[in-house]
2 protein chains.
Amino acid sequence: MIIEIDFNSDEALYLQLRNQIIMGIATAQFQEGDSLPSVRQLADSIGINMHTVNKAYTVLKQEGYVKVDRRKGAVIAIDVDRMQALAELKRELQVILAKSSCKNISCEEVHQLINEIYEDYGGLK
Amino acid sequence: MIIEIDFNSDEALYLQLRNQIIMGIATAQFQEGDSLPSVRQLADSIGINMHTVNKAYTVLKQEGYVKVDRRKGAVIAIDVDRMQALAELKRELQVILAKSSCKNISCEEVHQLINEIYEDYGGLK
DNA sequence: ATGCTGTTATAATATGAATATAACAATCCC
DNA sequence: GGGATTGTTATATTCATATTATAACAGCAT
């Protein structure tokens, strides 16, 4: 999978990495059981420090997207906690919808945009 | 309007402030032309530093939610840049929907949750 | 045995968040 | 006019986080 880091972004490198990997999982570019590149390997190929990649992996582990195996490294393994996921989703959506509403984006437009994203990412379950 | 700050949150104080004010605008608790409390006043009532409130107001100004008047202070004044707002919305939704998809939350459930939020916040335009 | 893996420790640097004082000019109220 | 409050700006300090840099260790593969 192609991972692109924007060094000019104000978003932390490890968060950009985390987000891209999560999007990679959602679009089935990474599948349950797949191994992520080793921390050193990925750090080399991107041109960042090993610990930055390690932090991204650690966060992904804490958030229930991967498990770490001594031999296979970070392996995609989703731990589904629906209650927590729904609570987080609601919290995030509240802010986003407030911003959208202020900017004259209607409820219908949001629904439409979501459908577009689901179509773009045909892989979404 | 009641502003509640969570000092245990990992979210920056000025961002919590910004988000709550945006939600306040979206729910019509603040209306176009209304003045926000002075930076010193709000800082006092919350128990934080003046500059932290000032930073929140500065961000709100940059993002087009308020304009600052010498006399009235920070005044609600929405500057609608739909293109930019839609672009930002899409970027944020992509990550959120990816996370949701991984956690077995369906597209329909997201639509439903959005409707719930719109109903809860009856004030949303 | 060599080389790779994840993990851990430590240190240095850089950046941002938050607080603390302080001052200035414009405005408002009495 | 005079005092209080406004937003703004400047400077400094403290603290947490992000990022990089070395380094070492134990487990595993070929």
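Residue numbers begin at 1 in each chain, while the letters A, B, ... track the order of the sequences.
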### Task
Determine, stepwise, if the pair Lys103(B) / Glu88(A) fulfils salt bridge (Lys or Arg N to Asp or Glu O under 4.0 Å).
CA-CA 11 Å; Lys103(B) 297 293 184 174; Glu88(A) 184 184 333; over 6 Å; no
### Message
Can you measure Asn8(B) atom CG to dA16(D) atom P for me and round it to whole angstrom units?
### Response
14 Å
### Query
Nearest nucleotide by nearest heavy atom, which residue falls closer to the 5' end of DNA chain D, Ser38(B) or Asn54(B)?
Ser38(B)
### Query
Contact class for Lys55(A) (heavy atom, under 4.0 Å): base, sugar-phosphate, or nothing?
sugar-phosphate
#### Entry: Over 12 non-hydrogen atoms of neighbours within 6.0 angstrom of CD in Glu11(B)
yes
### Task
Under 4.0 Å between any heavy atoms, over every strand shown, what does Gln41(A) touch: base, sugar-phosphate, or nothing? Just pick one.
sugar-phosphate
### Query
First and last nucleotide of DNA chain C touching chain B, 5' to 3', heavy-atom cut-off 4.0 Å?
dA17(C) to dC28(C)
### Message
Tell me every residue that passes salt bridge (charged side-chain N to carboxylate O under 4.0 Å, His left out) with Arg82(A), counting only those two or more places apart in sequence or in another chain.
### Response
Glu109(B)
### Query
Base, sugar-phosphate, or nothing for Tyr57(B), non-hydrogen atoms under 4.0 angstrom?
nothing
### Query
Quick one: His51(A) NE2 to dA24(D) C1', roughly how many Å, whole number?
11 Å
### Query
Hey, are Lys99(B) and Glu92(A) close enough for a salt bridge, meaning a charged N less than 4.0 Å from a carboxylate O?
yes
### Query
For His51(B), which residues count as a ring pair (Phe, Tyr, Trp, His ring centres under 6.0 Å) partner, sequence neighbours excluded?
none
### Message
On DNA chain D, does the nearest nucleotide to Pro37(B) precede the nearest nucleotide to Phe7(A) from the 5' side, or the other way round? Give the residue.
### Response
Pro37(B)
#### Entry: Whole angstrom value for the distance that separates C1' of dT17(D) from OH of Tyr14(A)
8 Å
### Task
Decide yes or no, distance alone: a donor-acceptor N/O pair under 3.5 angstrom between the base of dT22(D) and the side-chain of Arg40(A).
no
